[in-house]
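Okay, structure first, notes after.
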Protein chains: 2
Amino acid sequence: MPRHQDRAAGGRRRASHSMESVLTEAVVLLDEAGPSALTFRALAQRLGGGVASIYWYVASKDELLDRATDHVIGGVLADIDAIEPGDDPIDDLRAISLALFDAILVRPWLGNYFMRNTDVQGNCLRLYEKLGQPTLRLKLTARQRFHAVSAISTVVVGSAVDLGQEPPAEVLDGAVGRDEFLSRFTATWRELDRDAYPFVHEIVDEFDGHDDIDQFRAALDLTLAGIRLQAGA
Amino acid sequence: MPRHQDRAAGGRRRASHSMESVLTEAVVLLDEAGPSALTFRALAQRLGGGVASIYWYVASKDELLDRATDHVIGGVLADIDAIEPGDDPIDDLRAISLALFDAILVRPWLGNYFMRNTDVQGNCLRLYEKLGQPTLRLKLTARQRFHAVSAISTVVVGSAVDLGQEPPAEVLDGAVGRDEFLSRFTATWRELDRDAYPFVHEIVDEFDGHDDIDQFRAALDLTLAGIRLQAGA
DNA sequence: GGGTACGATAGAACGGCGTTCGATAGAGAT
DNA sequence: ATCTCTATCGAACGCCGTTCTATCGTACCC
């Protein structure tokens, strides 16, 4: 029986993966073209192996996304550990939140999978802890602390989701710039009836060419101001 | 040539749709079992027609989701129009936000599609306007007004996304209750090292059996407190 | 060194999805 | 009667996540 075991030039090599390489390459795909680009087939090709092999490391695509997310959060955690705690707990909260948001700006897809399953996302849990520790220095009840951190987390996730909307492909191609894309909206808005839409007209100039990080910082600072008020500090 | 035109008993009837019926049935599917249940095939079956017919009304699934979302926001808008403006603009902001969140509690999938494309989502734009009008009565700059409404919108969307995570099927089936599902997490958390996770231990009792609307209300009130402070009112 | 157990890999197939194509039925105008 | 435009639909296409089954290669045992 001719079992052709061609170890010669043409012979297919078997690929050899690792959890690390799987997650790293998954993140590369996500970074390059967003969640829709991360398919098992694309990932397998990048790893130089077969599709089914990936299932040895993760049980499903959801788990892959959860683990990939936690993988990059690990890096964020390192950045956050480098932050020196200051006198003001609220300033610490702000610093940690901004570090997290910086990571989301670079990888807008993060928002959709962050904190989805702490069983698998150990780093996300650690980050949650990090975010909560400054509140222990504030005069708050346990419930208030819980709500405060939830609120900050909500603001981060909410902002991330705004960012994470995959732009209509023409922006990704670079065919039209982001500013032009925004202006298309504002142009429509400006044509609305001034009496029926006084607020939209009031802020349309602000929306045009607005900066995402300014928007996040403003939302975060409003929440932090509320927390500070509550703590009586 | 025998073009068999069986108008007899067995003859298939043609279905007759309308934008209204398409969106209504789409919402029914979303309500019954979440976004994963809304497929063109399931929708066609419900409408008693063919798959391709739906494409006469919407150009893609994204547009279907956008329009379905805007459809139900229309109902929310009616609720909001029924709210009498009070003396305090911030109380009005709170009332409108809560009305919106009430709708999201019933339909957790809303958060993922809300405010995605104001071209198609006219009602969402109207709601944005409604949310902004109270800020016109506050002493704020245009930019501050823009950021204030964005912040509120972010809190709503962020909370909705938390809610919108499709539970792991066993909860949907009713096999395990929501409380039991939460307790499974907290049980793991309680086993963590107390020194490494002081905050998690501090709030684990709060997390166990927590109420989503309390969490939202707390986050919203923190943001509103920040806005009130900014307006010097 | 032959046999065996197991960690790891992979091709092929399955069913379901969004989407497209081409055909066609019905209603109204010419 | 014919033409036109709106509306409908079955069948097919290509891609997706997932599963099945068969293998390869190494470490270990006797």
Distance in angstrom units between A:Lys61 NZ and D:dC15 P, rounded: 15 Å
Between C1' of C:dC17 and CG of B:Leu38, the distance in whole Å: 12 Å
Sugar-phosphate only, base, or nothing, as touched by B:Ala44 at under 4.0 Å among non-hydrogen atoms: nothing
Base D:dG25 to side chain A:Arg14, donor-acceptor N/O within 3.5 Å cut-off: no
B:Tyr57 side chain near D:dT8 phosphate (N/O to OP1/OP2, under 4.0 Å): yes
Pair A:Glu202 + A:Arg194: basic N to acidic O under 4.0 Å: no
Atom-to-atom span, CD of A:Gln45 to C1' of D:dC16 - whole angstrom: 15 Å
Separation of C:dT9 P from A:Phe40 CZ (nearest whole Å): 15 Å
Sugar-phosphate only, base, or nothing, as touched by B:Leu64 at under 4.0 Å among non-hydrogen atoms: nothing
Atom-to-atom span, CG of A:Leu65 to C1' of D:dG17 - whole angstrom: 12 Å
Of the listed nucleotides C:dC17, D:dC9, C:dA8, the one nearest the side chain of B:Arg41: C:dC17
is_close_aromatic(B:Trp189, B:Tyr197), centroid dist under 6.0 Å: no
Sidechain N-carboxylate O distance under 4.0 Å for B:Arg190, B:Asp208: yes
Interatomic distance, B:Leu43 CG vs D:dT8 P [rounded to whole Å]: 13 Å
5′-ward residue of the pair A:Tyr55/B:Val51 relative to DNA chain D: B:Val51
Shortest side-chain distance from B:Thr39, nucleotide among D:dC9, C:dC17, C:dT9: C:dC17
Ring geometry between A:Phe185 and A:Phe181 (parallel below 30°, tilted from 30 to 60°, perpendicular above 60°): perpendicular
Polar contact flag, side-chain donor to acceptor under 3.5 angstrom, A:His210-A:Gln215: yes
A:Ile54 CD1 to D:dT19 C1', straight-line distance once rounded to whole Å: 14 Å
Distance below 4.0 Å between A:Ser53 side-chain N/O and C:dA10 OP1 or OP2: yes
Interatomic distance, A:Leu47 CG vs C:dG11 P [rounded to whole Å]: 13 Å
N or O in side chain of A:His17 less than 4.0 angstrom from C:dG7 OP1/OP2: no
